[in-house]
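Working notes, structure below.
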Amino acid sequence: MENLKGLTNRISDTIWEIPKSADPDMNVPVHIYYNEELFNNLDNGVIKQGINVATLPGLVNKVSVMPDGHWGYGFPIGGVAAMDAEKGVVSPGGIGFDINCGMRLIQTNLTRDEVQPKLKQLIDELFIAVPAGVGRKSDLALSPRQLDDVMVNGVDWIIDNGYGWKEDRLFMEEQGSIPDAKPELISHKAKSRGRNQIGTLGSGNHFLEIQVAKKENVYDQDTASAFGINKDNQVVIMIHSGSRGFGHQVASEYLKTFLDNMPKYGLKIRDKELAAAPIHSRDGQNYLGAMASAANFAFANRAYMMYKTRQVFSKIFGRDAEELGMHLTYDVCHNIAKFEEHLVDGRKKRVLVHRKGATRAFPPNHPDLAPQYKEYGQPVIIGGSMETGSYVLAGVEGSMHEAFGSSAHGSGRTMSRSRAKKQIDGKELEQKMHKKGIYVKAASYKGLAEEAGIAYKNLDSVVKAALDGNLTKPVAKLLPIGNIKG
DNA sequence: ATGTAC
C-alpha cells in the first residue's frame with residue numbers, strides 16, 4: 001500500500017491532522033494525537049480507518065485518534081468519534097466487540113513490605129477465586145431474572161446482593177449503571193453464554209494485577225492522595241476485563257443486523273466493518289438498549305472480581321477488607337458509546353460519543369464526578385503490559401476541547417499475537433518475570449507469550465503524548481509485582 | 001476481544 005502519511009499535516013507538537021480535503025467524502029477532519037516516535041511507527045491502517053470513520057453521517061468537530069491508537073475492526077482502537085444525537089448514526093465497530101471493556105483500580109493501605117511475603121499465596125488464591133482464560137465459568141450462576149436485573153442495574157445488583165460496598169457505585173463511570181438497558185432485546189444465546197460469566201477475567205490482554213506505587217513515581221501527590229495513594233510503596237490492585245462472551249455475542253448479532261439493514265436506511269459505508277444505523281432508527285435504538293445491557297453486565301463482572309479480591313486479601317491478612325482500606329478508586333469504560341453534552345460551534349450540544357479503546361477523562365468540576373474528585377478530575381486508568389507497568393492519570397479541561405473528554409487506554413500492540421507466540425516462549429517468560437520480581441500465573445503459556453512487554457508500544461511514550469497533548473495530567477505510575485492472566 | 005468457524 002502507498003504510504004498515507006503524506007495525507008497528514010502536523011498542526012502542533014502533538015497533533016497530526018488529516019484535513020477534510022484529503023477525501024471528498026470526509027465530513028470532519030481527523031486528529032491523531034501522537035509524538036515523533038509514535039508517528040514514525042504510525043500504521044497506514046490507522047490513517048485509512050481514520051478517513052473511513054470521518055465519512056460517517058452526523059459527525060461533529062472531528063475524529064480523534066489517541067496516542068495508543070492502532071488498527072482495529074472498522075474503527076481504530078484508540079478512536080473517538082461523536083455524532084449529533086438527532087442526525088447521527090451509531091456504529092458498533094466504534095464501540096468494539098468487548099462492550100464496556102474497562103479498567104478498575106482498587107486501593108489498599110498495605111505496603112510492598114507487608115505484601116511481598118504473602119505475594120505468592122495471594123496470586124495463587126486469586127487465580128482460583130477469579131476464573132481466568134477462555135470459557136472459564138463463575139461460581140455464580142444467575143437465574144434468568146437475576147441476569148435481567150444485572151443488565152438493568154449493573155453494579156447495584158452486586159451491591160444489593162452483598163457483593164459490594166454502598167460507596168463503590170460513587171467511584172464508577174455512570175455510577176456503575178447505564179440507563180435505558182433493554183434485556184428483552186438480548187438473545188437467548190447471549191443470555192446463556194453470560195449467565196455464568198459474572199466474575200470471570202477472560203483472556204487476551206485482560207488481567208488482574210497487584211501493583212506498587214513508589215514515591216518517586218507519584219507525580220501529583222495531592223491528586224494521588226485524593227485517589228487513595230498516599231504512602232511510599234503502597235499496594236494497589238488493577239483489573240482489566242469486559243463483558244466476556246455475553247457482550248461479544250450481543251455485538252456480533254447487532255453487527256450482522258446492521259449490515260443487513262443498511263440499505264434500508266440509505267447509508268453508504270465504505271467498509272462493512274463500519275456498519276451503522278441512524279441513532280433514532282429502530283435498529284439504532286435497539287442496539288443502544290442492548291449495548292447498555294452488556295455495559296451493565298461488564299460493570300457487574302468487574303465488581304464481582306473485586307468482591308473476590310477483597311475476600312482473598314481479607315483471608316490472607318486476617319483482617320476485614322475495610323480494615324485493609326480496599327476502597328474502589330475508580331472503574332472506567334474504554335469501549336462504549338455515551339450521550340454527553342459537548343461544545344460544537346461554540347454551543348452545547350447533545351452528542352453520542354463513541355470511545356473505542358479510549359478512556360473517558362472528564363475534567364475537574366464535571367457534574368458526573370463524585371464530590372471527592374471534583375477538585376482533581378476523573379481518574380483515568382491506563383493499563384500497560386504486565387512487564388512494564390500502568391498509570392493512573394486525571395482528566396483535564398483540555399481534553400474536552402480536544403477529544404470530547406477522552407484519553408488513551410493502554411499501550412497498544414506493536415507485535416501481532418501470532419508473531420509474539422512464535423517469537424516468545426511462555427515458560428521462559430514466566431521464569432524471567434519471576435526473577436524480575438513479578439509473580440505471574442497464567443491460564444496458558446501461549447496466552448502469556450502473547451502479552452510479553454516487547455509485543456507492546458512503550459507505555460511511557462504513549463502517556464507522555466497524552467500529557468503533552470493536554471488530554472490528561474500525570475498522577476502516578478504503578479509497577480506490577482503480581483499478575484493473573486487468562 | 002471471543003465456547004478464536006455458519
Side-chain angles (χ1 to χ4, degrees), chain A residues 49 68-79 91-104 130-138 141-142 147 186-208 239-257 259-260 272-273 275 290-291 293-295 297-299 301-302 305 332-337 354-359 383 385-386 409-413 415-422 442-451 455-456 484-486:
Chain A
Q49 291 191 322
D68 53 339
H70 55 286
W71 182 88
Y73 182 91
F75 282 59
I77 294 159
S91 176
I95 288 142
F97 277 91
D98 190 2
I99 295 166
N100 189 7
C101 188
M103 308 289 309
R104 170 170 286 239
V130 179
V134 180
R136 293 290 311 281
K137 289 177 182 175
S138 173
L142 301 181
L147 183 54
I186 304 296
S187 69
H188 175 75
K189 195 171 179 185
K191 286 175 179 167
S192 83
R193 283 181 75 171
R195 67 183 293 264
N196 49 25
Q197 290 188 317
I198 290 290
T200 63
L201 189 63
S203 65
N205 60 3
H206 288 170
F207 62 76
L208 186 158
I239 297 175
H240 178 207
S241 185
S243 50
R244 310 282 295 102
F246 179 80
H248 189 273
Q249 186 66 35
V250 170
S252 312
E253 289 170 12
Y254 276 88
L255 269 165
K256 191 181 176 312
T257 307
L259 202 53
D260 292 346
K272 277 183 172 184
E273 297 183 355
M291 183 205 73
S293 311
F297 182 95
F299 281 139
N301 181 35
R302 291 193 290 273
M305 282 189 268
V332 67
C333 322
H334 55 227
N335 277 11
I336 200 150
H354 294 64
R355 293 192 183 91
K356 181 198 196 171
T359 304
S385 87
M386 61 193 179
H409 86 306
S411 38
R413 298 191 75 86
M415 196 189 288
S416 72
R417 294 190 173 277
S418 53
R419 215 179 112 206
K421 263 187 288 196
K422 261 183 224 158
S444 85
Y445 283 121
K446 275 186 183 170
L448 189 69
E450 287 177 11
E451 294 302 317
Y456 280 89
I484 73 170
K485 293 206 74 70

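Throughout, a chain's letter reflects where its sequence line sits, starting with A, and its residues are numbered from 1. All heavy atoms count here, side chains included; hydrogens, waters and symmetry mates do not.
The interatomic distance linking Tyr73(A) (OH) with dT4(B) (C1') rounds to 15 Å, in whole Å. When the C1' atom of dT2(B) is taken as reference, atom CZ of Phe97(A) falls 9 Å away, rounded to whole Å. Regarding Lys446(A), its NZ atom lies at a distance of 14 Å from the P atom of dT4(B), rounded to whole Å. The NZ atom of Lys256(A) sits 23 Å away from the P atom of dT2(B) (whole-angstrom rounding). Rounding to whole angstrom units, CG of residue Asn100(A) and P of dT2(B) are separated by 13 Å. Rounded to an integer number of Å, the gap from Arg136(A) CZ to dT2(B) C1' is 16 Å. One atom, CG of Leu255(A), and another, P of dC6(B), lie 13 Å apart when rounded to the nearest Å. Computed from coordinates, the Lys189(A) NZ to dT2(B) C1' distance equals 11 Å when rounded to whole Å.
With sequence neighbours left out, the ring-ring contact (aromatic ring centres under 6.0 Å, His included) criterion links Phe297(A) to Phe246(A). Residues satisfying the ring-ring contact (aromatic ring centres under 6.0 Å, His included) criterion with Phe97(A), sequence neighbours excluded, are Tyr73(A), His248(A).
Looking only at distances, no side-chain donor or acceptor of Glu451(A) sits under 3.5 Å from a matching main-chain atom of Met386(A).
Screening His70(A), His240(A), His334(A) for a ring pair (Phe, Tyr, Trp, His ring centres under 6.0 Å) involving His409(A) leaves a single residue, His334(A).
Taking only side-chain nitrogens and oxygens, Ser203(A) comes nearer than 4.0 Å to OP1 or OP2 of dT2(B).
Residue contacts for Glu450(A): at a heavy-atom cut-off of 4.0 Å it reaches no nucleic acid atom on any strand shown. No contact: Gly242(A) has no heavy atom under 4.0 Å from any strand.
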